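What follows is a set of notes on a single structure, which appears directly below.
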Amino acid sequence: MNTLPVMAWRNLGRNRRRTALSGAAIAFATALLIFFQALQLGSYDSMIENTVRINSGHLQIQHPEFREEGSIVLALEDPDKLLKIADNAPGVVAASPRIVTGMLVSKKDQSFGAMLMGIDAAREARVTTIKTLVKEGEYLDPADPQGVIVGKTLAGNLGATIGDELILMGTSYDGSTAAERVHVRGIFKTGLPELDRQSFYANLSAVQQWTWMEGRVHSIAILLDDNRSINKARDAIAAQLPTGEDAPVVLDWKQINPGIDQAIRLDKAFGQVMLFVLVMIVGFGIMNTFLMSALERTREFGVMLAIGVRPRTCAWMLILEGQLLFLVSFLTGTVVGTLVTLYFSRDGITFPGSDAMYESYGMSQTIFPSLTGEVAYMTVGMVWVIVALVSAYPAWRITRLRPVQALRFV
Amino acid sequence: MLMIVATAWRNLWRNVRRTVILLSGVSVGLFGVLFYIGFVNAYFEQMKENAVATLTGHVKVNAPGYQENPSPSKNIPADEDLLAELRKDPLIQGAASRVIGVAMAANPERTEQVTLVGVMADEEASISAVPGGVTQGRWLRDGEDRALVVGEAFLKRYKTKLDRRVVLMAYNSQGDIASEAFKIVGAFKTDTEMFDEQHVYTSLSEAQKFFALGDRVTEHTIVGVNINDAPVVREKVAAKFDPKTYQVQAWTELVPLLTDMMELTKSTLWIFYGVFYLAMGFGIANTFLMVVHERTRELGVMLALGVSKGLIMGMMMIEAVLVAIAGAIVGGGISIAVVAYFAKVGLDFSFAAEGMEMWGGAGIMYPYLTADNLALVMSLTVAIAVVMSLYPAWLASRVHPVEAIRSL
């Protein structure tokens, strides 16, 4: 029995070309599966990135009832302290305090309901892409407290252009009516109908004054360096938040955009189908080389059986050969796959036509393949199962072989 | 030359098992790509259907500039006879007019902006999923006054129910303030909760009164039998309406973000198909190399008999082309059969679509393939198989006759 591994190993060395071809099939499958999965994971990352960069951020600190009720009084106290907590949490790139409240916007006899976002111009520009989405006029400037930037459709509905005066009416924190005269400083276009039709932005400090919200905000949007840091960052922030009734909570982008989370989950299900298809193709490639080499060796097995080797021993030897080959080729494939993935993840893969997409919607379609431990052990599992299955069939065939016929086989 | 083809053909039949192995490599790769394309087709079809299901329709007729700045003050005549003609077209499923305008909806609980949609109660079902989505109460009746059908999500948000009142307020087409109390007679549910929250429906005549439009409307919406015929339907509609006073647009122009996203996603997918092809190509080259190796002695004999290197390479290439074509046909046949099977039974994706408001009934996918898909993927597969056979075929022509004959 101890001679079996030795024989298997020698068999691999005996016909180098055959071994190299089968080994190459396994290594190639491994490398391809690693790259493919990294590409898939990378494309989810880019979907998430696009989502969070439009408006929500990865995380938001909010009053626990604010998302459901949206009332102006459901505010966060002491935003500076919360900002400091957010800024110091691990993985946080930037945090932006906001006021979000409904307003009636009028120009002459046209008026529309819209969401006013009071933002810290500099901080917001680091969290979302709003600054780059201003297509006409300019982005907010703290030195121009009455300047607002308006969604393209809303501006069109109002018939407002740069410099035009708008009247805002809404509710203040204390329940009184807030009314303010502002002017259009810029017009933005996100490509998302809801935002373009019914949102506009003003400076946070100005909105705080208009609505008697000094020292209060509604949410703090937080951008992280990587969506995989979400849990860590969320826990770190949550641990430092004040406790008690109506204490602030940390929501992630999935809770804020449930629809997009669902879309990504559906996409992942599609990704599984795709991965299955690829496994099938590479599995077939490996199977073909294994089948061919087993076929080629029919005479050799006939000789072994004829000199009294038990069929089962012969079969085990073949399976062992497969396993040895798997070990060597898998390592090679992993190295190659990792190198290729790393090469492409440096600059990312940009798809043709995505420049126009970025131009119109601020969405980047550059995919950075991302390697994770999950990719590694998924690949080990898949390739091992393929090799085990495809060496099992020829091995089983050996047990059925008749030495005399096999010897005659050319 | 003919002899070489004949030899190649016979070679394939001489060792059927080997040929089948080679052929299956081509078929499986091809099947993989086509199977996935079938899914993507179904997915995009569903996305398109969802995008146009409520308000967009396939083709819209508006006053010029309405889409940039939608307001009841930009209106068009009712054009009943033109719509009636369009409805007779076999490509067209329905055509109807609407009056759409924004309004503030108020009850004691809330005051928020909504979109008021005035519809031809009977015709609306042929152009929109909303009438079919009524879950409580009833749909509207033509000519009905001050009746409102709202989304279920609206009922929840306004903490109200059927038979209660909602006051709508808006600027009408003359710039005056209109205000009216409506009674909620029904509630609907579509796949998009946000839509349900922000849209309320009333009869066309009521909306015309509310916005002081007389018998004018803000849009005609036309829905074809098949969304992919939208460009043709658009032409047919455009032929009936004077471009000076009307603007005719297809849904692709009305929801550019979705259209752009779908186009981009389709091109992105080619990167993934590229990986499929790479896997397939490598499998073919690998197997073919083994074949050449196995046939070394045979090739050596041919060379020893004086067959030229060029002819050997040509013969191997012809074998490769024949196998690739046969593989493509077999793979194509399998793909058509499998996709047709799933198109009939549907593939349940609800495990992924669990609780998915956005996708609603979209839990089940019905994949399909177009002739274009088949032609493109099959020809690409053959091309790749042939390219990947070049090296093994060249190798075959480099065999050294004496050594080859001696080898086992």
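Throughout, protein chains are lettered first and strands after them, A, B, ... in sequence-line order, and every chain is numbered starting at 1. Predicted model only: the values in this text are computed from it and were never measured.
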Can you say whether B:Met280 sits under 4.5 Å from chain A via the side chain, the backbone, both, or neither, judging by heavy atoms?
both

Nearest heavy-atom neighbours spanning A:Ser22 and B:Met290
OG-CE, 3.6 Å

For A:Phe112, which atoms come within 4.5 Å of any heavy atom of chain B: side chain, backbone, both, or neither?
both

Part of B:Val255 within contact of chain A (heavy atom distance under 4.5 Å):
neither

How many angstroms lie between atom NE2 of B:His293 and atom CG of A:Leu21, to the nearest 0.5 angstrom?
8.0 Å

Which atom of A:Leu278 lies closest to which atom of B:Ala279, heavy atoms considered:
CD1-CB, 4.0 Å

Might you confirm whether atom OH of B:Tyr391 has over 12 heavy atoms from other residues, nucleotides or ligands at distances under 6.0 Å?
no

Once rounded to the nearest 0.5 Å, what's the spacing between atom CZ of A:Phe36 and atom CG of B:Leu278?
11.5 Å

Against chain A, label B:Gln198 side chain, backbone, both or neither, depending on which of its atoms sit under 4.5 Å from a heavy atom there.
side chain

Heavy-atom distances under 4.5 Å only: say whether A:Gln40 touches chain B with side chain, backbone, both or neither.
both

Quick check on B:Phe35 against chain A: is it the side chain, the backbone, both or neither that has a heavy atom closer than 4.5 Å?
side chain

Residue from A:Ile286, A:Val282, A:Val277 scoring the most non-hydrogen pairs under 4.5 Å with chain B is A:Val277

Proximal component of B:Ile177, with respect to chain A [non-hydrogen, under 4.5 Å]:
neither

Restricting to non-hydrogen atoms, name the atom on A:Ile281 and the atom on B:Gly32 that form the minimum distance, rounded to 0.1 Å.
CD1-CA, 4.5 Å

With a 4.5 angstrom heavy-atom cut-off, is it the side chain or the backbone of A:Arg17 that approaches chain B, or both, or neither?
side chain

Spacing of A:Asn288 atom CG and B:Ile21 atom CD1 [to the nearest 0.5 Å]:
6.0 Å

Chain B interface, residue from A:Met274, A:Lys152, A:Met292 that has the most non-hydrogen pairs under 4.5 Å:
A:Met274

Just checking B:Arg398: does its CZ atom have more than 12 heavy atoms from other residues, nucleotides or ligands closer to it than 6.0 angstrom?
no

Which bit of A:Asn15 comes within less than 4.5 Å of chain B, counting heavy atoms only: side chain, backbone, both or neither?
side chain

Contact origin within A:Phe270 toward chain B - heavy atom pairs under 4.5 Å:
both

Would you mind checking which part of B:Phe276 comes under 4.5 Å of any heavy atom in chain A, side chain (CB onward), backbone (N, CA, C, O), both or neither?
both

Can you tell me how far OG1 of B:Thr115 sits from CZ of A:Arg197, rounded to the nearest 0.5 angstrom?
5.5 Å

First locate atom CG of A:Leu275, then atom OH of B:Tyr36, and finally report the distance between them rounded to the nearest 0.5 Å.
10.5 Å

Does any part of the side chain of B:Asn286, heavy atoms only, come nearer than 4.5 Å to the side chain of A:Phe28, both counted from C-beta?
no

Among B:Ala103, B:Gly29, B:Gly283, B:Ser24, the residue with the most heavy-atom pairs under 4.5 Å to chain A is B:Ser24

Residue part contacting chain A, namely of B:Val102, when any heavy atom lies under 4.5 Å
side chain

